[in-house]
Amino acid sequence: MSRTLGPFAAVLHRDLLLAWRGRADVLVTLAFFVVVVCLFPFGVGAETNQLRSIAPGVLWVAALLATLLSLHRLFAQDHADGTLEQLLLSPEPTVLWVVAKVVAHWIATGLPLVIVAPALALLFDVEQGALGVLVLSLALGTPILALLGAVGAALTLGLRGGGMLLALLVLPLFVPVLIFGAGAVDSHLSGTGADAHILLLGGGLLGALALAPVACAAALRIAVE
Amino acid sequence: MKRPERGKSLFRFAAPQLFYPLAGALAPWFAGAAAVLTILGLWLAFFVAPTDAQQGEVYRVIFIHVPAAWMSMFVYLIMAFWSAVGLVMNTRLSFMMARALAPTGAMFCVVALVTGALWGKPTWGAYWVWDARLTSQLLLLFLYFGFMALTEAIEDPRRADKAGAIIALVGAVNVPIIYFSVKWWNTLHQGASVSLTKAPSMAATMLAGMLVMALASWAYTITVTLWRVRPLILERERHAEWVAAELDALEGRI
């Protein structure tokens, strides 16, 4: 393995192993997603046409909230046991292992949502042709949520009431992802094609991948100063 | 107490010790300007400007609504600017300026939203619609809340300053993204009333009233920011000798 990818792979492997050993935490996020989605028919009524029309928004909002709930775990444990300081002191580039941590976090919490989403969409009677677009939009969008959320998680590290504060900080930033994500499925269903939304999500992912880790690294340095 | 020798350049006012008296000296002037401009602007708005052909008298809310909306956006940009200066140059005063600006920006957001709602009811028939302008203004308010909540939640002032600066910058990158995303998502709000490239589509006195009110908002913002930054400086620099002398003098006056 190349030298630069060494620390990346090491942190990724470690975090995935930790997530696997603590499966319960990860499964709670997934269960939350499923439960929130299933609450909507009780709230708005089980009329099929209505359910079909709100399905993309419901799935996206639920995925967004599930991501938000899982974010505080991203750095909290490492902060508590001192690993974070050791990582920051190490000569490895901070941005590199920050990306590795976010990627591991997304594989543990975001990817399961993407996999489960089509099954939930069937509960809302979404036509099968749109399921691919839904999966693609979530696969592109949830990593953006994880990257932006990582900045918020780093800024609120170790604060009293950090969870609520994290929500206030990152929810306004999540709005564009929500609009384009749910919009992709909506425009596919309405027949105009989801290409524009999917491309915007892809561009957003690349932009977030370029900028968010830098802000996140700076925020982590401030947090442990 | 002897003042430290410093260069003659304007940058010497980056030192809180020198900026504190400067802010105190400038604030009353801007306060006076704000008062005069507000009275002039409101006089133009309510007595000189003609009644709108389509909307009647209701349109007069524009003289408060539009300057407040402009200001709420400017203030966020200025806040992000001071945050960037603070992060790059590590100047203490820039962070204090950013924190002194935030409540004013949030206030203008609220003013723009409330006056917009009051304007929307008679013209659109609803206090609120999920339109691009309205929605992005609401999200801007949430960004201000996030900045203020974060800087208040962190007790160590150095960490609070830098964390606030990062969220201000992340927000500044996101504001145009939010704006365009909600614009493509939904739009109803009328186009811009004033454009640099087109001849104004409104009566000259209307335009004058709005610009005077915009200047009044600037003067008001500068005034309250200077007033708000002074106690911040005293609080942060309380270990310094000059602050003790200043506080003694203040106590003698009361």
Side-chain angles (χ1 to χ4, degrees), chain A residues 57 141 144 147-184 186-187 192 196-197 199-201 203-205 207-208 210-225, chain B residues 72 76 80 83-84 86-88 90 95 102 106 109 130-132 134-187:
Chain A
I144 309 180
L147 283 162
L148 286 174
V151 180
L155 286 172
T156 54
L157 204 51
L159 296 182
R160 269 179 294 108
M164 298 303 282
L165 192 56
L166 178 61
L168 182 61
L169 287 180
V170 298
L171 281 180
L173 306 178
F174 281 0
V175 167
V177 185
L178 174 65
I179 288 176
F180 295 131
D186 268 334
S187 56
T192 46
H197 289 85
L199 289 173
L200 278 166
L201 278 178
L205 177 56
L211 296 175
V214 181
C216 189
L220 285 174
R221 274 200 205 92
I222 295 164
V224 299
E225 213 169 51
Chain B
S72 64
Y76 196 89
S83 296
L87 280 182
V88 174
N90 211 5
F95 294 124
C109 261
W130 289 94
D131 148 82
L134 282 72
T135 315
S136 54
Q137 188 74 16
L138 184 67
L139 290 169
L140 184 65
L141 180 65
F142 292 159
L143 290 180
Y144 276 118
F145 283 165
F147 175 87
M148 290 192 287
L150 182 66
T151 48
E152 289 302 318
I154 304 177
E155 272 162 34
D156 173 30
R158 272 170 50 83
R159 188 185 164 189
D161 281 348
K162 293 190 174 173
I166 289 184
I167 201 68
L169 287 174
V170 173
V173 173
N174 259 280
V175 164
I177 299 176
I178 291 174
Y179 179 73
F180 285 109
S181 66
V182 295
K183 191 178 170 70
W184 295 334
W185 170 58
N186 216 342
T187 194

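Labels below follow one simple rule: chain letters A, B, ... track the order of the sequence lines, proteins then strands, and each chain is numbered from 1.
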**Request:** Take A/Leu155 and B/Val170 through the test side chain to side chain contact (heavy atoms under 4.5 Å, CB included) and record every step on the way to the result.
**Result:** CA-CA 12 Å; A/Leu155 286 172; B/Val170 173; over 6 Å; no

Residue selection (most heavy-atom pairs with chain A, distance under 4.5 Å) from [options]:
options                                : result
B/Asp156, B/Leu169, B/Ile178           : B/Ile178
B/Leu150, B/Leu139, B/Leu140, B/Leu143 : B/Leu150
B/Ile177, B/Ile167, B/Val173           : B/Ile167

**Request:** Provide the full list of salt bridge (charged side-chain N to carboxylate O under 4.0 Å, His left out) pairs with a residue in residues 164-179 of chain B, sequence neighbours left out, each pair given once.
**Result:**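 The answer is none; no pair qualifies.
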
Residue selection (most heavy-atom pairs with chain B, distance under 4.5 Å) from [options]:
options                      : result
A/Ala219, A/Ala215, A/Pro176 : A/Pro176
A/Ala218, A/Ala223, A/Gly152 : A/Ala223
A/Thr156, A/Val175, A/Leu173 : A/Leu173

**Message:** Between B/Tyr76 (side chain only) and B/Ala106 (backbone N and O only), is there a donor and an acceptor less than 3.5 Å apart?
**Reply:**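 Here the side-chain-to-backbone pair does not exist.
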
**Item:** Backbone of B/Asn174 reached by a side-chain donor or acceptor of B/Tyr179 within 3.5 Å
**Value:**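 Checking the backbone N and O of B/Asn174 against the side chain of B/Tyr179, no donor-acceptor pair under 3.5 Å is found.
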
Give, as side chain, backbone, both or neither, the part of [X] having an atom under 4.5 angstrom from any heavy atom of chain B.
X        : answer
A/Ala212 : neither
A/Leu220 : neither
A/Leu159 : side chain
A/Ile222 : both
A/Leu171 : neither
A/Leu200 : side chain

**Prompt:** Is any side-chain heavy atom of B/Asp131 closer than 4.5 Å to a side-chain heavy atom of B/Gln137?
**Reply:**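 Answer no - side chains too far apart.
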
**Prompt:** So do the side chains of B/Phe95 and B/Arg158 get within less than 4.5 Å of each other, counting heavy atoms only?
**Reply:**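 Not touching, per the 4.5 Å side-chain cut-off.
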
**Message:** For A/Gly149 versus A/Phe174, what's the shortest heavy-atom pair and its separation?
**Reply:**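 Here A/Gly149 and A/Phe174 meet closest at N-CE1, 4.0 Å.
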
**Item:** Check against side chain to side chain contact (heavy atoms under 4.5 Å, CB included), B/Arg159 and A/Val224
**Value:** CA-CA 9 Å; B/Arg159 188 185 164 189; A/Val224 299; over 6 Å; no

